[in-house]
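First comes the structure, then the notes that go with it.
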Amino acid sequence: MGYRIASNIGIALGNIKLGNDYYLNQLDEANREQSRHFLRDIMGRDIRYIADETQTSLSLAIEASKKVIEENKVDIEEIDMVICISHTPEYVSPTMARMILDALGGGKDTVNCLDMNVNCTGMLVALDMADRYFKTDENLSMILVVQGDSNSNFNIEKGSPFFGCLGDIGCAVILERDDESGIQSRYFLMDKTMGMNIVYPKDGYSKPNPVLYTDPNLDARVDMGANLIAEKYDKEKIDHMKLICMSQFAYVNCQKYIEMSQIDAEKVPYIGDQYGYTGASSPILALKAGIEQGKLNRGDTFLLWTYGAGTQHVVLEMKY
């Protein structure tokens with residue numbers, strides 16, 4: 001007893017489209033070419049979308065939710081739960097989930113609304129949580145999971161690896177009760193050596209002028225996640241999976257996993273050049289690309305894998 005992800009995934013982008021040159025032109029000429037190589041060849045960035053003054057993390061989440069409901073022909077009265085993911089919430093009270101539901105038309109009086117922040121693992125943790133809700137509440141039939149983040153709101157220093165890398169986005173999925181699909185296995189792994197490698201605000205919210213701190217030796221430890229996957233799934237099972245939708249934090253990380261696992265590169269979508277790094281939704285955007293390219297059919301298995309500040313790896317084996 002679990003759920004299936006509805007075919008259409010809704011997204012909403014910032015209204016300002018920026019290329020790499022916008023950020024490179026802010027740097028000293030002496031550092032420009034090295035940074036160009038870093039942005040393009042290491043991080044894999046080309047285009048990202050930034051919210052304008054009329055957009056917020058909430059408005060992006062609402063727009064994505066409206067799209068996913070319309071594209072999947074869902075009646076708002078069918079939704080039993082709304083989970084909103086954000087590490088840049090526009091509001092903390094009331095919950096953004098409740099505000100999204102109101103913007104969609106209100107829904108039932110019994111809808112459970114909750115907000116979550118699990119950094120870049122947020123949407124995968126929400127998918128895991130939803131699975132547990134479906135299995136313990138037989139009256140639950142549909143859940144809306146939506147991310148809304150204005151990552152451009154972070155005060156990022158020009159020497160940070162995040163400078164020029166982030167995009168603003170709303171991303172929404174509909175989860176429908178289904179006995180055949182959903183999570184087949186799940187694994188979590190924490191790197192206890194890297195607890196404070198990405199910190200925002202650097203000195204806490206009690207101090208003025210919040211800044212994003214990034215460890216100069218930041219390493220996403222892709223090898224840890226890759227070794228976890230190799231330990232839990234044999235090569236035959238990985239080869240049988242149609243897609244490996246992993247974090248889009250850096251292009252080189254996707255390439256590193258492909259080399260380590262000796263997997264067909266076509267199974268590992270990279271879309272970080274189209275949206276920038278969007279945090280919690282990045283593996284879901286890779287899934288969206290795979291679905292739209294016809295690489296995934298109902299009944300196929302696929303892997304979702306991401307990592308967040310901490311560094312915590314989350315791996316979900318899914319049946320579509």
Side-chain angles (χ1 to χ4, degrees), residues 43 83-89 114-133 135-136 145 147 149 151 154 160-162 165-166 171 182-205 212-234 237-238 241 244-261 263 268 272 277-287 302-318:
M43 304 306 287
I83 304 175
C84 179
I85 309 300
S86 184
H87 52 225
T88 60
L114 64 92
D115 289 356
M116 290 174 52
N117 171 23
V118 203
N119 303 134
C120 297
T121 64
M123 287 200 81
L124 267 58
V125 172
L127 293 181
D128 175 62
M129 178 185 291
D131 180 68
R132 299 171 193 269
Y133 269 100
K135 287 176 177 174
T136 57
V145 176
Q147 175 214 16
D149 270 312
N151 295 306
F154 287 129
S160 167
F162 284 100
C165 282
L166 305 180
C171 179
I183 295 177
Q184 307 298 298
S185 62
R186 56 173 68 81
Y187 297 100
F188 294 80
L189 181 65
M190 183 74 72
D191 182 352
K192 295 181 179 179
T193 68
M194 300 183 70
M196 300 295 284
N197 57 349
I198 302 172
V199 183
Y200 184 85
K202 178 181 177 182
D203 299 311
Y205 276 117
L212 176 69
Y213 167 76
T214 309
D215 189 318
N217 299 312
L218 176 65
D219 184 348
R221 296 301 307 275
V222 175
D223 57 324
M224 279 189 68
N227 290 337
L228 173 66
I229 292 170
E231 175 188 336
K232 301 299 182 181
Y233 307 103
D234 60 34
K237 188 161 191 176
I238 288 294
M241 293 181 184
I244 310 293
C245 302
M246 62 180 290
S247 168
Q248 305 292 294
F249 174 64
Y251 172 74
V252 292
N253 289 347
C254 294
Q255 296 304 303
K256 183 176 181 179
Y257 175 67
I258 291 168
E259 293 171 8
M260 289 181 67
S261 62
I263 195 172
V268 186
Y277 181 56
T278 61
S281 59
S282 77
I284 305 301
L285 295 178
L287 173 62
F302 63 99
L303 207 68
L304 294 174
W305 165 32
T306 195
Y307 33 84
T311 300
Q312 175 175 278
H313 291 261
V314 181
V315 175
L316 303 178
E317 177 195 1
M318 307 280 294

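Remember, predicted model here, so these are calculated numbers, not experimental data. Just so it is clear, the values below take in all heavy atoms, side chains as well, and ignore hydrogens, waters and symmetry mates.
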Say whether Asn151 and His87, considering side chains only, have a donor N or O and an acceptor N or O under 3.5 Å apart. yes
Any Tyr277 side-chain heavy atom under 4.5 Å of Ser282 side chain: yes
Verdict with reasoning, Leu212 to Thr214, per side chain to side chain contact (heavy atoms under 4.5 Å, CB included): CA-CA 7 Å; Leu212 176 69; Thr214 309; 4.1 Å; yes
Do Tyr200 and Phe154 have ring centroids that are under 6.0 Å from one another? yes
In this structure, are over 12 heavy atoms from other groups packed under 6.0 Å from Lys256 atom NZ? yes
Check whether the side chains of Tyr307 and Asp191 place a donor and an acceptor atom closer than 3.5 Å, and report yes or no. no
Can you tell me how far apart CG (Asp223) and CG (Asn253) are? Round to the nearest 0.5 Å. 10.0 Å
Would the number of heavy atoms belonging to other residues, nucleotides or ligands and lying under 6.0 Å from OH of Tyr251 be above 12? no
Run Val125 and Met116 through side chain to side chain contact (heavy atoms under 4.5 Å, CB included) and show every step you take. CA-CA 9 Å; Val125 172; Met116 290 174 52; 3.6 Å; yes
Tell me every residue that passes side-chain contact (heavy atoms from CB on, under 4.5 Å) with Asp203, counting only those two or more places apart in sequence or in another chain. Lys207
SG of Cys245 to CG of Leu303, rounded to nearest 0.5 Å, is 8.5 Å
Would you say that Asp115 contacts Pro89 through its side chain, given a criterion of any heavy-atom pair below 4.5 Å between the two side chains? no
Given side chains that start at C-beta, do those of Leu316 and Leu127 come closer than 4.5 Å, heavy atoms only? yes
Answer whether the closest heavy-atom distance between the side chains of Lys232 and Ser185 falls below 4.5 Å. no
Min side-chain heavy-atom separation Trp305-Val222 under 4.5 Å: yes
Can you check whether Asp149 reaches Thr278 side chain to side chain, under 4.5 Å on heavy atoms? no
Of the non-hydrogen atoms in Gln147 and Ala280, which two are nearest, and what is the gap between them? NE2-N, 3.7 Å
To the nearest 0.5 Å, what is the distance between CZ on Phe249 and OG1 on Thr306? 10.5 Å
Met129 CE to Leu114 CG distance, which is reported to the nearest 0.5 Å: 6.0 Å
Give a yes or no on whether the ring-centroid distance for Tyr213 and Phe162 is below 6.0 angstrom. no
Heavy-atom closest contact (Leu124 atom, Pro283 atom, distance): CD1-CG, 3.6 Å
Is the closest side-chain heavy-atom distance between Gln255 and Val268 below 4.5 Å? no
From CA spacing to verdict: side chain to side chain contact (heavy atoms under 4.5 Å, CB included), Val314, Asp128: CA-CA 10 Å; Val314 181; Asp128 175 62; 6.0 Å; no
For Gln312 and Thr121, the nearest pair of non-hydrogen atoms, with its separation, is O-CG2, 3.5 Å
Kindly write out the residues that satisfy side-chain contact (heavy atoms from CB on, under 4.5 Å) with Lys237, not counting sequence neighbours, or none if the list is empty. Tyr233, Asp234, Met241, Glu317
Of all the heavy-atom pairs spanning Met43 and Cys165, show the shortest one and how long it is. CG-SG, 3.8 Å
Min side-chain heavy-atom separation Met224-Leu189 under 4.5 Å: yes
Between atom OG of Ser261 and atom CD1 of Ile238, what is the distance when rounded to the nearest 0.5 Å? 7.5 Å
In short, Ile284 meets Cys171 closest at the heavy-atom pair CG2-SG, 3.9 Å
For Asn119 and Ala309, the nearest pair of non-hydrogen atoms, with its separation, is OD1-O, 3.9 Å
Run the side chain to side chain contact (heavy atoms under 4.5 Å, CB included) check on Asp131 and Arg186 step by step: do they pass? CA-CA 11 Å; Asp131 180 68; Arg186 56 173 68 81; 2.4 Å; yes
